[in-house]
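Reading through the structure tokens given below for one structure.
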Amino acid sequence: MSQSSTNGAIVIGAGLSGLAAAYELRARNIPVTVLEAKDQIASPWRSRHPQLRLNIHRHYASLPGKKMTCKDGVFVRRDTVVEFLEDYARDLDAPIHFGTRVQQVARAAEGWRVVTNKGVLSATHLIVATGREQHPSLPVWPGLDDFGGTVIHAADFEDVRAYDGKTVLVVGAGNSGTDVLNHLSRAAPAKLWVSLRHGPSILPTRILGFPLHRLAGLFLRFPKWSLDPLFAATQWVAFGNLRRHGLRRHKLGGNTRMMTEGVTFAMDDGFVAALKSGRVEAVAETVGFTADTVQLMDGRAVKADVVICATGYRTGLESLFREFGVLNDAGQPLHPTGAPDSSNPGLWFTGYAPKLKGFFHTAGESATRIATAIGGLEKSLPTVNSVTYGTGEIAQKALKVNGVNDDYSSDESPGSAQSEPARNFDKLARRPAPETRVEKA
């Protein structure tokens with residue numbers, strides 16, 4: 001088995017949080033290697049339905065050193081996100097190893113040891129950025145195996161035309177469920193229900209034509225205690241009393257629920273109007289299945305051709321990190337946005353907590369936080385410009401250093417906490433690479 005080690009960092013995951021972390025590390029001249037289990041950049045985005053658009057404003061959809069294009073208008077299309085991440089990865093001054101699955105993580109004398117399907121690597125710092133939505137979560141309802149219809153997770157939602165003429169039940173009306181309902185409300189299903197356990201915190205995409213999410217920075221200036229009533233009032237002004245239409249309010253306010261449970265706001269773009277007009281019917285919580293019906297908490301049964309479960313995701317981190325005491329009972333990191341963990345020095349998590357400005361902006365902030373902390377630690381140690389590699393595929397590819405695109409020098413991410421090195425990436429491009437010594441493992 002090939003082996004490689006570095007006094008820099010390993011990043012697990014080449015999604016937006018992992019790429020942002022790698023960028024900020026290289027902006028400080030810290031060696032970094034990125035491991036990606038999939039065979040290409042942005043695989044999760046590619047697999048989502050073609051109608052998908054970001055529900056965050058384009059202003060907050062940039063990453064450090066690169067602005068999001070404005071060609072789609074305010075809300076960016078799925079394919080544009082894929083292109084953006086492809087370009088970002090292509091210009092990154094760090095190797096990305098695709099098809100590399102992490103099988104084990106352990107502490108090591110030099111920091112952290114990572115066993116993959118292609119070899120063993122070790123580094124002073126390990127940054128985990130595999131994402132909150134790694135594994136769709138599907139409840140195990142009684143009778144589910146006997147159900148004759150189709151049951152899918154919202155992650156597998158298809159082209160909206162595939163549901164024309166069918167009876168469809170959507171389970172859950174959170175962020176993902178409301179996105180599905182927004183699209184289905186503009187399509188032609190024969191019948192559409194939404195099954196609810198808790199009512200969502202739902203906000204309009206626009207108010208008087210103005211994109212609400214553009215005000216995220218303003219909302220953050222308010223005292224935290226005021227945000228729940230502020231968003232509740234916004235929902236009421238925009239939609240009126242949704243209880244009349246079967247949408248109950250959750251006992252927790254929208255901001256509190258996002259901060260404590262990681263449940264983001266639902267953004268309406270047609271669902272509420274369809275609910276009020278009767279084209280969507282809100283029904284009770286789903287509790288089971290028979291061969292041809294879905295059983296509800298109130299004793300009612302509905303006959304659905306398709307059941308779409310917007311029932312959340314799990315990180316899938318337990319198998320690798322349970323023993324280190326870094327996860328809560330739900331499998332979420334205790335330090336989800338780049339804060340240091342004194343019990344596990346050198347281990348960092350990024351991209352696991354939603355914030356009002358959205359995941360892109362949070363990815364940039366977390367990346368800056370991590371890279372600044374690592375940079376400070378590196379400065380306190382003797383300079384070591386050497387990297388030791390094995391002879392396998394990973395080791396050989398790890399020697400690759402890409403050129404840096406000088407166009408990044410003026411491509412600053414708006415609204416993010418950019419560091420000075422990130423603002424001057426053109427200077428990094430001209431900086432001599434550290435001397436590298438290569439040895440056989």
Side-chain angles (χ1 to χ4, degrees), residues 8-36 38 41-45 54 56-69 76 80-97 123 125-134 315 333 335-340 347-375 402 404-405 407-409 411-425 428-429:
I10 296 170
V11 175
I12 304 176
L16 57 95
S17 293
L19 294 174
Y23 175 98
E24 288 285 13
L25 288 167
R26 290 303 301 130
R28 292 158 177 78
N29 212 27
I30 298 170
V32 59
T33 296
V34 182
L35 310 180
E36 170 55 46
K38 303 296 185 181
I41 289 292
S43 287
W45 291 96
L54 297 182
I56 60 172
H57 194 282
R58 183 188 69 246
H59 179 77
Y60 296 116
S62 299
L63 289 179
K66 188 174 180 63
K67 290 181 180 179
M68 178 60 73
T69 175
V76 182
T80 301
V81 174
V82 172
E83 293 171 4
F84 176 86
L85 293 176
E86 285 179 332
D87 291 344
Y88 198 84
R90 186 180 302 115
D91 293 330
L92 187 66
D93 182 27
I96 302 174
H97 305 296
H125 299 275
L126 177 61
I127 300 166
V128 186
T130 52
R132 296 176 70 244
E133 300 182 354
Q134 190 72 8
T315 63
H335 302 283
T337 56
L347 180 61
W348 313 82
F349 293 88
T350 176
Y352 293 95
K355 303 289 184 182
L356 278 178
K357 290 184 178 180
F359 272 106
F360 279 78
H361 187 271
T362 303
E365 287 187 331
S366 298
T368 300
R369 184 178 299 120
I370 292 170
T372 300
I374 292 177
N402 297 324
V404 179
N405 185 349
D407 290 342
Y408 268 11
S409 59
D411 213 359
E412 186 176 323
S413 172
S416 61
Q418 293 285 324
S419 63
E420 192 61 29
R423 290 192 175 100
N424 294 283
F425 206 49
L428 173 63

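The heavy-atom pair separating R369 from A339 by the smallest distance is CD-N, 4.1 Å. Taking each heavy atom of R26 and A94 in turn, the nearest pair found is CG-CB, 4.1 Å. A pairwise comparison of heavy atoms in A61 and F360 identifies O-CD2, 3.3 Å as the closest pair. The two atoms that bring A20 and A363 nearest to each other are CB-O, 3.9 Å, heavy atoms only. Considering every non-hydrogen atom in both A14 and V34, the closest pair reads CB-CG1, 3.9 Å. When all heavy atoms are compared, the tightest approach of I127 to A9 is CD1-CB, 4.3 Å.
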side-chain contact (heavy atoms from CB on, under 4.5 Å) between L16 and Y88, worked out: CA-CA 9 Å; L16 57 95; Y88 198 84; over 6 Å; no

T315 and T130: CA distance, side-chain angles, deciding distance, side-chain contact (heavy atoms from CB on, under 4.5 Å) verdict: CA-CA 8 Å; T315 63; T130 52; 5.8 Å; no

V76/F84 under side-chain contact (heavy atoms from CB on, under 4.5 Å): CA gap, chis, key distance, verdict: CA-CA 10 Å; V76 182; F84 176 86; over 6 Å; no

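Side-chain atoms of E365 and T337, non-hydrogen and from C-beta on, never get closer than 4.5 Å to each other. Looking only at side-chain heavy atoms (C-beta outward), L54 and F359 stay at 4.5 Å or farther from each other. S43 places none of its side-chain heavy atoms less than 4.5 Å from the side chain of E36. Between T350 and V11 the shortest side-chain heavy-atom distance does not fall below 4.5 Å. Residues L92 and Y23 meet the side-chain proximity criterion, which asks for heavy atoms closer than 4.5 Å.
A side-chain donor-acceptor contact under 3.5 Å links S62 to the backbone of M68. A donor-acceptor contact shorter than 3.5 Å is absent between the side chain of E24 and the backbone of A371.
Using a 30° and 60° split on the angle between ring planes, Y60 and H361 fall in the perpendicular class, above 60°.
Put simply, CD1 on I12 and OG1 on T33 are 12.0 Å apart, with the number rounded to the nearest 0.5 Å. Separating the CD1 atom in I56 from the NZ atom in K355 is a distance of 15.0 Å, to the nearest 0.5 Å. Distance CZ/F349 to CD1/I370: 10.0 Å, rounded to 0.5 Å. The line from CD1 of I374 to NE2 of H125 is 4.5 Å long, rounded to the nearest 0.5 Å. Between atom CG of residue L126 and atom CG of residue L35 there is a gap of 8.5 Å, rounded to the nearest 0.5 Å.
Between R28 and the choices I30, V32, L25, the side chain to side chain contact (heavy atoms under 4.5 Å, CB included) rule is met once, by I30.
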